[in-house]
Amino acid sequence: MTDNESHADAPVVAVVLAAGFGTRFDPNNPKQLVSVGGKAIVAWSIEAFETDPRVTDIVVVVNPRVRSAVEELVDGAGYPKVRLIIDGGAERVDSTMAALDALAANGIPADAKVLIHDAVRPFVLRSSIDGCIDALDEYRAATVAVASTDTVLLTRDLGDRKVVDSVPDRPNTFRAQTPQAFRFATIRDAYARAAEDPDFHPTDDTRVVVDYLPGEPVAIVAGSETNLKVTTLADLPIAERIAQDAAKARAKERMHEVLAEAAGRMRR
Ligand SMILES: Nc1ccn([C@@H]2O[C@H](COP(=O)(O)OP(=O)(O)OP(=O)(O)O)[C@@H](O)[C@H]2O)c(=O)n1
Ligand SMILES: C[C@](O)(CO)[C@H](O)COP(=O)(O)O
């Protein structure tokens with residue numbers, strides 16, 4: 001079977017990374033547990049995958065500070081797709097590697113579709129998740145991203161100052177979001193090669209593929225400005241507004257459904 005042929009029965013595994021320490025937020029108040037729109041941020045992210053019928057399994061990566069709260073949340077809400085809650089590591093890449101090791105130990109097939117998501121991006125769109133799943137039928141790597149509306153400057157150090165090194169063409173500049181999605185064998189291979197470089201500290205998973213599997217295309221999947229990463233306290237009111245707008249949109253959708261049902265009954 002070629003890589004481009006769809007592996008129709010390949011599992012679709014979401015890895016929800018919730019093992020961070022929120023040093024830019026409030027180290028004494030783990031942001032993945034903070035409530036927005038009446039629900040813990042990590043719960044929004046787990047539910048985004050739990051409610052997508054195309055996702056088959058979920059692994060949640062935690063740190064000791066949030067483990068019991070996350071376990072309680074998962075047990076209370078009953079997320080049947082959550083198969084494992086595992087400990088992460090010091091850096092985001094360590095948490096990804098811990099998840100990949102756990103998936104390998106549980107016999108995940110090489111062609112499984114693995115979607116790695118920041119737990120602190122609570123409002124990921126279904127279209128972005130499904131866009132990643134679809135992209136992996138044609139590519140072995142894909143990442144959600146949004147086109148930059150600002151000109152992007154790539155810099156270098158000159159003494160104690162940053163100076164502009166290059167200015168990429170605007171149409172080719174995007175801001176990475178998550179999920180970042182990979183066939184399991186691909187991301188596993190990239191991380192195995194990266195592990196040989198102790199000075200490699202990427203801030204996402206896509207860079208591991210770009211740097212260590214050069215020539216492996218990473219497809220861009222449409223993200224959204226509402227796919228906010230809650231990073232600092234200043235992000236909270238924005239997240240709250242997004243949650244409220246989402247609730248209004250759901251209420252409006254439900255009203256239209258009720259009206260359509262009523263109209264259908266009247267026609268009978
Ligand atoms: N060792 C880590 C670091 C980060 N993350 C997760 O990766 C996502 C993005 O990371 P970030 O927003 O940077 O979270 P923190 O690392 O907690 O924030 P900070 O860098 O301010 O400490 C978050 O869902 C976070 O929980 C993780 O699972 N393991
Ligand atoms: C993965 C990511 O969300 C893509 O923009 C980002 O790199 C995470 O960065 P963080 O410093 O771990 O929040």
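Note that the numbering runs from 1 along the sequence shown for the chain. In listed order, ligands and their atoms are each counted from 1. We use all heavy atoms of the structure for the numbers below, so side chains are in, but hydrogens, waters and symmetry mates are not.
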In the protein, what heavy atom is nearest to [atom], and what distance, to one decimal place, separates them?
| atom | result |
| --- | --- |
| atom 8 (C) of ligand 2 | Thr203 O, 3.6 Å |
| atom 11 (O) of ligand 2 | Arg24 NH2, 2.9 Å |
| atom 2 (C) of ligand 2 | Asp118 OD2, 3.6 Å |

Show me which atoms of ligand 2 lie under 4.0 Å from any heavy atom of [X].
| X | answer |
| --- | --- |
| Arg92 | 1 (C), 12 (O) |
| Asp204 | 1 (C), 7 (O) |
| Arg121 | 2 (C), 3 (O), 4 (C), 5 (O) |

Option nearest atom 4 (C) of ligand 2 (shortest heavy-atom distance, choices Gly20, Ala176, Gly223): Ala176

Option of least heavy-atom distance to atom 13 (O) of ligand 2 (set: Gln177, Lys229, Gln180):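 Selected option, by shortest heavy-atom distance: Lys229.
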
Shortest non-hydrogen separation from Ser45 to Ala119 and the atoms involved: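 Taking every non-hydrogen atom into account, OG-O, 2.7 Å.
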
Residue pair Ala99 / Val15: nearest heavy atoms and the distance that separates them: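 In this case the closest contact between Ala99 and Val15 is CB-CG1, 3.6 Å.
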
Whether over 12 other heavy atoms sit under 6.0 Å from Arg161 CZ: no

Exceeds 12 heavy-atom contacts within 6.0 angstrom, atom CZ of Arg170: yes

Test item, Arg175 contacting ligand 2 (heavy atom, 4.0 angstrom):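 False for this residue.
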
Min heavy-atom dist Thr231 to ligand 2 below 4.0 Å: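 Thr231 does not count as a contact of ligand 2 under the 4.0 Å cut-off.
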
Phe21-Val230 co-clustered via ILVMFWY side chain contacts under 4.5 Å: no

Worked verdict on Asp165 versus Thr155 for side chain to side chain donor-acceptor pair (under 3.5 Å): CA-CA 5 Å; Asp165 191 48; Thr155 65; over 6 Å; no

Under 3.5 Å donor-acceptor, Ser224 side chain and Thr226 backbone: yes

Donor-acceptor contact below 3.5 Å, side chain Ser166 vs main chain Pro168: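 Not a single qualifying donor-acceptor pair exists.
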
Residues 68-79, side-chain donor-acceptor partners within the protein, below 3.5 Å, at least two apart:
from  : atom 1 : to    : atom 2 : distance (Å)
Glu71 : OE2    : Arg67 : NH1    : 2.8
Tyr79 : OH     : Glu47 : OE2    : 2.7

Step-by-step side-chain contact (heavy atoms from CB on, under 4.5 Å) determination, Val208 to Phe200: CA-CA 9 Å; Val208 183; Phe200 184 54; 3.9 Å; yes

Proximal protein residues to ligand 1, non-hydrogen atoms under 4.0 angstrom: Leu17, Ala18, Ala19, Gly20, Phe21, Gly22, Thr23, Arg24, Lys31, Gly89, Ala90, Glu91, Arg92, Ser95, Asp118, Ala119, Val120, Lys229

Residue from Val144, Thr143, Val124, Ile116 passing side-chain contact (heavy atoms from CB on, under 4.5 Å) with Cys132: Val144

